[in-house]
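In what follows, a single structure is set out as structure tokens and then discussed.
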Protein chains: 2
Amino acid sequence: MSTNGNQKDWHRRSADTADRLAAAAQFIGDGKQFKSEDAVALLEAVIRPGDRVNIEGNNQKQADFLAESLNKCDTSKINNLHMVQSAVPLAVHLDLFETGIAKKLDFAFGGPQAGRVAKFIQEGKLELGAIHTYLELFSRYFMDLTPKVSLICAYKADRKGNLYTGFNTEDTPTIVEATKFSQGIVIAQVNEIVDELPRVDIPADWVDAVCQSPKPFFLEPLFTRDPALITESQILLAMLCLKGIYAEYEVKRLNHGIGFLTSAIELMLPTYGEELGLKGKICTHMALNPHPTMIPAIVEGWVEQIHCFGGELGMDKFVNAYPDVFFVGPDGTLRSNRAFTQAAGHYANDMFIGGTLQIDKYGNSSTATASRVAGFGGAPNMGCDPHGRRHSTEAWLKCGAEQPTLDRQLGTMPRGKKLVVQGVETFGEGRAPVFVEELDAWKLAKNANLPLPPVMIYGDDLTHIVTEEGIAYLNRCPDMEARMAAIRAVAGYTEIGMQAKPEETKRLREMNIVKTPEDLGVDRKRADRSMLAAKSIQDLVTWSGGLYNPPARFRNW
Amino acid sequence: MSTNGNQKDWHRRSADTADRLAAAAQFIGDGKQFKSEDAVALLEAVIRPGDRVNIEGNNQKQADFLAESLNKCDTSKINNLHMVQSAVPLAVHLDLFETGIAKKLDFAFGGPQAGRVAKFIQEGKLELGAIHTYLELFSRYFMDLTPKVSLICAYKADRKGNLYTGFNTEDTPTIVEATKFSQGIVIAQVNEIVDELPRVDIPADWVDAVCQSPKPFFLEPLFTRDPALITESQILLAMLCLKGIYAEYEVKRLNHGIGFLTSAIELMLPTYGEELGLKGKICTHMALNPHPTMIPAIVEGWVEQIHCFGGELGMDKFVNAYPDVFFVGPDGTLRSNRAFTQAAGHYANDMFIGGTLQIDKYGNSSTATASRVAGFGGAPNMGCDPHGRRHSTEAWLKCGAEQPTLDRQLGTMPRGKKLVVQGVETFGEGRAPVFVEELDAWKLAKNANLPLPPVMIYGDDLTHIVTEEGIAYLNRCPDMEARMAAIRAVAGYTEIGMQAKPEETKRLREMNIVKTPEDLGVDRKRADRSMLAAKSIQDLVTWSGGLYNPPARFRNW
């Protein structure tokens, strides 16, 4: 028998961290503060080649100053980093791969850099680990992708190094916990250093160094949709969704993604939703960013509670005025937290509704194309059926009970099912067909040397497709052939849709597997902008009683 | 158009909380402290009938003093509470339902109170919401089961109300975040109030009142298994698992549950695992409590990293001596965190292995019986295939690629699959057959008026069953008939097993769907206690170099 591992050193991580912090000590003063002009030198002291590094940044807030400082580091000192982080939406995130400071990427969302990610993969500048969904990536921070150094951002620090992340708390607690408690190093940029914080979001113990950045961190208003841009086609889809799905299943607990369809739905709760008598019956609890297009429904009392992944630029005063709806701290400001909202979106939601770029003939969908690695954000996590769920709700039971095929999986055992809905126009961005024989994700898998095509939502999780042709109730299909026929039936004039056979579609309509607007009693003529409770950003400001403060680019008055 | 909801009061939650705290102010002094003798009066001031209340407590630590104080409250002041909490293992948790202080329960784990939960349901004293898995329940804290008042526990508070939860941080951060940021009330019991904390785990801002409890909080050594009690039958199962599953799939990232089988596996890594040449190839990353039976494998350098749900009594010094393996803070002590380990166990694990009381002929399993509502803990969350997962590992890809039926779900699209393994002796506790025609969960559903039978792991998530008869590779079955035959083939002399047909089993063996010990080259004669790296608790203490300090009831020297 061996005894105790004293023969081996089990403190290598902490010793390594102590070494690095000793090298950085010359730059770090009272209250863990360092000067912004020392940022490059400090990073060169604490980061080593090949390290796993996280630069905080998601849809909304970005540790942009620290990212830029990292990019200015001497590539002979820092290179071949393995970036493990939620998103790479800033140019500088990809510049790191151009210079060779970074080599490998594990992430969840690419946004505007999607094209460069694909290009760098092809050029061999970037080795792609995997495209995750956020909660999956966070999970790996505690398993096999633990960051050694994390560069984070906050609104304020006090003179001891405590942080206030407030409205945009987002990913910070998760990143910091994984890094600091694995004896890694946490460096923060803040907009302001103050004597007293509104509240403590991150204790000073969890942070190694803090600097006031030369300018406030970048915030992207990613969930702001201008009602003026909502089309009549989107309004028709929203009517179909509300009548054929929200009302049909009485969906109370759900997430709305990014996109104009769900914005239209939000703006039609106080109009079409009211007309259908749905107030109190749907959309009472949500996992949601503070969407400006939710303002009318919130003001009208539709929603009991919303937990937020992140903040949304200009929405802080409105949110803080509705603490019965939003999660706010004792200081009266929002505490968002992406990890918990994603967990709620996974396990406590009855429905996920979103869009996609492509759906194949089996119902698998993806936003990844051969030339763009966009990432999936929260969609795979919320848009899948969580088999670990054990509590029942009406919507979940009904969706599950409608499945004729469950006996092939579970014998006589019943189970509910989450509603996973994709609402798309049959021809999407740039008039490209959404319904395709084969996803472009196959090409990306080949180009990026991935073991599997990156699918956003798998066909067996998808329960409903809504297009201008109607709704395909995929959960009601007895087999793959019926499923493929139902998809064809709503695929319009795409190549897939042209393969639909009229008598087959007729039979599916009789079986309530496909419903056209007419079947649902939705009058296409009524699908116009009078359905929207707010028709412009300015209307939203009015609804908010002046509390919503839209970013400049959304103002035209 | 309406404007801003000033006509309605959107600050009812915070106003209500302020009212309650004003009534409690007389008991709360400097640093948010109250005296333990005022606990009952304080709870009577801050809790109202029908409130959703959380009493912290999980497998390990318990806010027992606050639970007992709540039970002493005047039932005319506090009654019909809706308890939303991880576990109800203490007698006092059920006493609350006896007295009428509590009425409804949403929970995840019953433990020793499982029988009383079932009895109270039948007597109408307890209305059961649902039996959750932990992460699912946590998710609902942020959606529709947000606690109004939470009673939590910590090791230490400082004079400002900051808390140190250290080794047993467990559920505290999740409960506190959900409660405090919905403007609810957080009351803490601590073992000690000190001038300076080792580190801050919960900022004082997040806590309303703190008291030093008359005695330290109760800790249950739930994951301590005495090697002396491991049987030869369990050792045989462990050999089958190591050779037929761990080695076969090279499972690196996994969870081990409670139970003697996994303890045997842990103790056989340095023996049989070493013999099979598996060091570095399996069990390198784990989501795990600090199991004492992991000591030899850790000391021998098998494991790179472990993230812990909670602590384990007596393991603190050992854990703190291995900070390269465990997540510890700058103060050198563990930070456990159940929410993140469960997330990792869901999304970042390649395998879950556990046991159960019953498996039906389709492969659905449960620990719920008509007379015991035991709960499932983390099993449903970790023992299900997470369809939101998008990263690949060898084990996950191999398990997925072996499925002959995936085309019925996804067409031509490939997908990996998590290994979900149940290791059971065909006759379990009290010689009751594990394999049954129908789960007792059906009776419980009827008794407790539940919409679905409470299943721990659904058949379509289960990939492997290991018994003394061999391994059924369910993921390789082409259809339900083959799956049922494979289950019969390993079900021994149970009623289900007696239905196995020899030529059917022979065909399944030829197809590598069933493997006997002989097929796997596992010599039954070698299944004896010499396989265990440690044969007693005392051996574990020796392996730990004296760092492991077992609870008194596990000491016999």
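First the proteins, then the strands, lettered A, B, ... as listed; each starts at 1. From a predicted model like this one, the values you see are computed outputs, not experimental measurements.
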Checklist outcome for this item: Applying a strict 4.5 Å limit to non-hydrogen atoms, the region of B:Asp407 in contact with chain A is backbone
Item to check | OG on A:Ser366 to CE on B:Met413, rounded to 0.5 Å | outcome: 8.0 Å
Checklist entry - What residue, out of B:Phe326, B:Tyr548, B:Phe142, has the most heavy-atom pairs lying under 4.5 Å from chain A? => result B:Phe142
Checklist entry - With respect to B:Asp144, which candidate in A:Lys252, A:Glu304, A:His285 satisfies the side-chain contact (heavy atoms from CB on, under 4.5 Å) definition? => result A:His285
Item to check | Contacting region of A:Leu439 [heavy-atom separation from chain B under 4.5 Å] | outcome: side chain
Item to check | Contact class of B:Thr341 relative to chain A, heavy atoms under 4.5 angstrom | outcome: neither
Checklist outcome for this item: Per-residue tally against chain B (heavy atom, under 4.5 Å) across A:Leu135, A:Ile457, A:Asn162, A:Thr133 peaks at A:Leu135
Item to check | Pair B:Arg415 + A:Asp460: basic N to acidic O under 4.0 Å | outcome: yes
Checklist outcome for this item: In terms of heavy-atom contacts, A:Trp10 and B:Ile298 come closest through CH2-O, 3.2 Å
Checklist entry - So does B:Lys535 have more than 12 non-hydrogen atoms from other groups sitting under 6.0 Å from NZ? => result yes
Next on the checklist: Between B:Arg408 and chain A, with a heavy-atom cut-off of 4.5 Å, which part of the residue counts as in contact: side chain, backbone, both or neither?
Outcome noted: backbone
Next on the checklist: At a 4.5 Å cut-off on heavy atoms, which part of A:Thr174 comes close to chain B: side chain, backbone, both, or neither?
Outcome noted: both
Checklist entry - Measuring heavy-atom distances to chain A, does B:Leu462 have an atom under 4.5 Å in its side chain, in its backbone, in both, or in neither? => result neither
Next on the checklist: Looking only at heavy atoms and a cut-off of under 4.5 Å, which of B:Ala178, B:Ala344, B:Gly416, B:Gly383 has the most pairs with chain A?
Outcome noted: B:Ala344
Checklist entry - Looking at A:Met480, A:His132, A:His11, which one has more heavy-atom pairs under 4.5 Å with chain B than the rest? => result A:His11
Checklist entry - Taking every heavy-atom pair that is under 4.5 Å apart, which of B:Asp479, B:Ile306, B:Val325, B:Thr146 has the most such pairs with chain A? => result B:Thr146
Checklist entry - What part of B:Met286 gets closer than 4.5 Å to chain A, counting heavy atoms only: side chain, backbone, both or neither? => result backbone
Next on the checklist: With chain A as the partner, which of B:Ser182, B:Pro173, B:Gly459, B:Gly345 has the greatest number of non-hydrogen pairs under 4.5 Å?
Outcome noted: B:Ser182
Checklist outcome for this item: Max heavy-atom pairs within cutoff under 4.5 Å with chain B, candidates A:His391, A:His307, A:Gln342, goes to A:His391
Checklist entry - Quick check, are the ring centers of B:Tyr347 and A:His346 under 6.0 angstrom apart? => result yes
Item to check | Exercise: identify the closest heavy-atom pair between A:Asp201 and B:Trp206 | outcome: O-CZ2, 3.7 Å
Next on the checklist: Tell me whether B:Asn364 contacts the main-chain N or O of A:Leu410 through its side chain, where contact means a donor paired with an acceptor under 3.5 Å.
Outcome noted: yes
Checklist entry - Counting only N and O atoms by type, is there a donor-acceptor contact under 3.5 Å from the side chain of B:Gln183 to the main-chain atoms of A:Pro330? => result no
Checklist entry - Does any heavy atom of chain A fall under 4.5 Å from the side chain of B:Thr412, the backbone, both, or neither of them? => result both
Next on the checklist: Which atoms of B:Ala321 are under 4.5 Å from chain A, going by heavy atoms: the side chain, the backbone, both sets, or neither?
Outcome noted: backbone
Checklist entry - If you look at every heavy atom in A:Arg13 and B:Pro323, which pair is closest and at what distance? => result NH1-O, 4.0 Å
Next on the checklist: If you count heavy-atom pairs within less than 4.5 Å of chain B, which of A:Pro454, A:Ala441, A:Pro453, A:Ala204 leads?
Outcome noted: A:Pro453
Checklist entry - Which bit of B:Asp16 comes within less than 4.5 Å of chain A, counting heavy atoms only: side chain, backbone, both or neither? => result neither
Item to check | Under 4.5 Å from a heavy atom of chain A, the part of B:Tyr141 involved | outcome: backbone
Next on the checklist: Using only atom types and a distance under 3.5 Å, with no angle test, would you say the side chain of A:Asp205 pairs donor to acceptor with the backbone of B:Val200?
Outcome noted: yes
Item to check | Ion pair check, A:Glu136 and B:Arg390, cut-off under 4.0 Å | outcome: no
Item to check | Partner chain B: residue of A:Gly332, A:Ala348, A:Ala379, A:Ala130 with the largest heavy-atom pair count (under 4.5 Å) | outcome: A:Ala348
Checklist entry - Can you find a side-chain donor-acceptor pair between A:Arg483 and B:Gln409 that sits under 3.5 Å? => result no
Item to check | Which portion of B:Met484 sits near chain A, non-hydrogen atoms under 4.5 angstrom | outcome: neither
Item to check | Leading residue by heavy atom contact count with chain A [cutoff under 4.5 Å; candidates B:Glu438, B:Arg253, B:Lys180] | outcome: B:Arg253
Next on the checklist: As an exercise, state the distance from CG of B:Asn381 to CZ of A:Arg389, rounded to the nearest 0.5 Å.
Outcome noted: 14.0 Å
Checklist entry - Which region of B:Phe318, side chain (C-beta onward) or backbone (N, CA, C, O), has a non-hydrogen atom less than 4.5 Å from a non-hydrogen atom of chain A, or is it both or neither? => result neither
Checklist entry - Which heavy-atom pair separates B:Cys384 from A:His387 by the least distance, and what is that distance? => result CB-CB, 3.7 Å
Next on the checklist: To the closest 0.5 Å, what do you measure between CH2 (B:Trp396) and CG (A:Leu452)?
Outcome noted: 5.0 Å
Checklist outcome for this item: Note: B:Pro414 and A:Trp442 closest approach over all heavy atoms is CD-CH2, 3.5 Å
Checklist entry - With chain B, which of A:Val328, A:Leu145, A:Asp385 has the greatest number of heavy-atom pairs at distances under 4.5 Å? => result A:Val328
Checklist entry - Can you name the nearest heavy-atom pair linking B:Gly329 to A:Phe181, along with the distance? => result CA-CD2, 3.3 Å
Next on the checklist: Could you check whether B:Asp324 pairs with A:Arg12 (Lys NZ or Arg NE/NH1/NH2 to Asp/Glu carboxylate O, under 4.0 Å)?
Outcome noted: yes
Next on the checklist: For A:Pro451, is there any backbone N or O sitting under 3.5 Å from a side-chain donor or acceptor partner on B:Ser392?
Outcome noted: no
Checklist entry - Where on B:Pro386 is there a heavy atom nearer than 4.5 Å to chain A: the side chain, the backbone, both, or neither? => result neither
